[in-house]
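Numbers restart at 1 for each chain; the letters A, B, ... are given by sequence-line order, proteins then strands. Heavy-atom basis, side chains included; hydrogens, waters and symmetry copies ignored. Every value quoted in this text rests on a predicted model; they were computed, and no experiment measured them.
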Amino acid sequence: MTNFYDLNVHSAPECEDSPERLVSVAKRYGYAGIAITNHSNFWSEATGEDIISGIEIVVDKISDLKKNIRDYRSKVDVLLVHGGDPKINRAAVENSSVDILAHPSRYINQVLAKSAAENEVAIEFNLDELIYSRDVSRVRALSAFQTNLKLARKFGVLMVLTSGARSKYDLRAPREMIALAGLFGMSENEAIEALSKTPWNIILRNRKKMKQGYIMEGVELI
Amino acid sequence: MKNLPSSLRERKRYVAFEVLSAEKISRSELINEILASASSLLGDVGANLCNLWVLNFDGKRGVLRCAHDRVSMVRAALATINRVQGVRVGIHVLGTSGTVKKITETFMIQVDHTP
């Protein structure tokens with residue numbers, strides 16, 4: 001069976017539900033685990049069974065981004081950067097310490113897609129925008145997703161599908177996420193990979209780096 | 001009026017679902033919300049093609065009827081529902097089947113009614 005992971009979920013103290021509550025709903029929906037990725041101003045370490053510790057760094061200035069990455073990189077398994085601003089998007093995809101550029105909105109172009117592929121920074125498709133917006137704003141969200149998908153395919157950028165849940169009512173089961181991703185042209189196989197293999201590889205990669213004695217890819221102190 | 005012979009009826013799929021909600025919601029409120037959400041997402045034309053109807057709903061679990069080739073669209077439409085009459089909800093599809101009998105046996109019989 002495929003192991004599904006949702007890598008963008010917000011919990012208490014930022015939002016109402018506790019990490020345990022969210023993970024129990026997610027497990028019922030068929031996830032193997034979720035990452036608790038509170039925004040950096042609310043961050044506290046979240047641990048527990050099937051909970052992956054994460055963070056979503058929110059900054060206005062690029063210099064703050066670098067400082068935040070230094071502070072948090074060794075503490076979390078998944079590091080997201082709150083995107084949507086052209087300058088922040090660019091800085092995030094150029095930094096290989098970043099795992100995921102969250103909701104980049106429509107500010108992704110061929111230059112950013114190329115650096116994202118080189119630095120193995122995944123682009124997030126945050127389906128929260130399809131669930132909560134209606135009419136014109138949903139059409140805009142779909143069109144941004146469609147463009148990002150096209151660029152990601154062309155340049156081989158990693159993609160992750162997330163719910164961006166802020167409460168247990170916002171979580172959606174993997175099959176529903178796949179159906180939502182189909183609305184902007186993502187194939188079933190791509191969607192499954194964006195919910196299972198890609199998130200798991202990100203988690204593994206970081207856990208390996210945090211192991212004692214790790215120096216760089218292929219070099220380890222024994 | 002005579003019923004249509006089975007060869008002339010539309011082909012259907014039945015979708016079992018479960019609603020996670022803060023307060024109890026009624027079947028009619030849920031039907032209205034599902035149709036509204038489908039027509040918002042797929043347009044009136046697309047919503048009609050889905051041939052949607054809620055067969056039964058006990059406040060937690062229910063069965064939905066749809067066109068046999070529109071299941072993924074229906075899943076997407078269900079996923080975009082976040083509130084019913086102001087009550088926060090999340091809808092989760094348990095499974096699909098081609099007959100009412102099978103879906104009831106698989107997903108509805110073991111409903112726990114204890115409060």
Measure from the side-chain N and O atoms of [X] to the backbone N and O of [Y], and report whether any donor-acceptor pair falls under 3.5 Å.
X	Y	answer
A/N148	A/S105	yes
A/N38	A/S11	yes
A/E14	A/H39	yes
A/S40	A/V58	yes
A/D99	A/L80	no
A/N95	A/A91	no
A/W43	A/G54	yes

For A/L180 and A/I131, what are the C-alpha separation, side-chain angles and deciding distance, and is it a side-chain contact (heavy atoms from CB on, under 4.5 Å)? CA-CA 9 Å; A/L180 284 171; A/I131 297 169; 4.0 Å; yes
Against chain A, label [X] side chain, backbone, both or neither, depending on which of its atoms sit under 4.5 Å from a heavy atom there.
X	value
B/A22	both
B/V89	backbone
B/L41	both

Run the numbers on B/C66 and B/V71 for side-chain contact (heavy atoms from CB on, under 4.5 Å), then give the verdict. CA-CA 7 Å; B/C66 70; B/V71 176; 4.2 Å; yes
Chain A/chain B interface donor-acceptor pairs under 3.5 Å:
{"residue": "A/R28", "atom": "NE", "partner": "B/E18", "partner atom": "OE1", "Å": "3.3"}
{"residue": "A/R28", "atom": "NH2", "partner": "B/E18", "partner atom": "OE1", "Å": "2.5"}
{"residue": "A/R28", "atom": "NH2", "partner": "B/E18", "partner atom": "OE2", "Å": "2.7"}
{"residue": "A/I131", "atom": "O", "partner": "B/N82", "partner atom": "ND2", "Å": "2.9"}
{"residue": "A/Y132", "atom": "OH", "partner": "B/R88", "partner atom": "NH2", "Å": "2.8"}
{"residue": "A/R134", "atom": "NH2", "partner": "B/T80", "partner atom": "O", "Å": "2.8"}
{"residue": "A/R138", "atom": "NH2", "partner": "B/S40", "partner atom": "OG", "Å": "2.8"}
{"residue": "A/Y169", "atom": "OH", "partner": "B/A22", "partner atom": "N", "Å": "3.4"}
{"residue": "A/D170", "atom": "OD1", "partner": "B/R88", "partner atom": "NH2", "Å": "3.0"}
{"residue": "A/R172", "atom": "NE", "partner": "B/A79", "partner atom": "O", "Å": "2.6"}
{"residue": "A/R172", "atom": "NH2", "partner": "B/A79", "partner atom": "O", "Å": "3.1"}
{"residue": "A/R172", "atom": "NH2", "partner": "B/I81", "partner atom": "O", "Å": "2.8"}
{"residue": "A/E176", "atom": "OE1", "partner": "B/V93", "partner atom": "N", "Å": "3.2"}
{"residue": "A/E176", "atom": "OE2", "partner": "B/R75", "partner atom": "NH1", "Å": "2.7"}

Chain B heavy atoms under 4.5 Å from A/V139: which part of the residue, side chain, backbone, both or neither?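 It is neither, since no heavy atom gets under 4.5 Å.
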Checking A/L183 against chain B: side chain, backbone, both or neither under 4.5 Å from a heavy atom?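 Contact with chain B involves the side chain of A/L183 alone.
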Hey, what's the ring geometry for A/H103 with A/H82, parallel, tilted or perpendicular (30° and 60° as the breaks)?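 A/H103 vs A/H82 ring planes: perpendicular.
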For A/N8, which residues count as a side chain to side chain donor-acceptor pair (under 3.5 Å) partner, sequence neighbours excluded?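 Testing A/N8 for side chain to side chain donor-acceptor pair (under 3.5 Å), a comparison that skips the adjacent residues, returns A/H10, A/T37, A/E124.
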Residues 107-120 of chain A: residues contacting chain B (heavy atom under 4.5 Å, by number):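 None at all.
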side-chain contact (heavy atoms from CB on, under 4.5 Å) involving A/D85 - partner list, sequence neighbours excluded: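 Once residues adjacent in sequence are excluded, the partners of A/D85 under the side-chain contact (heavy atoms from CB on, under 4.5 Å) criterion are A/K87, A/I88.
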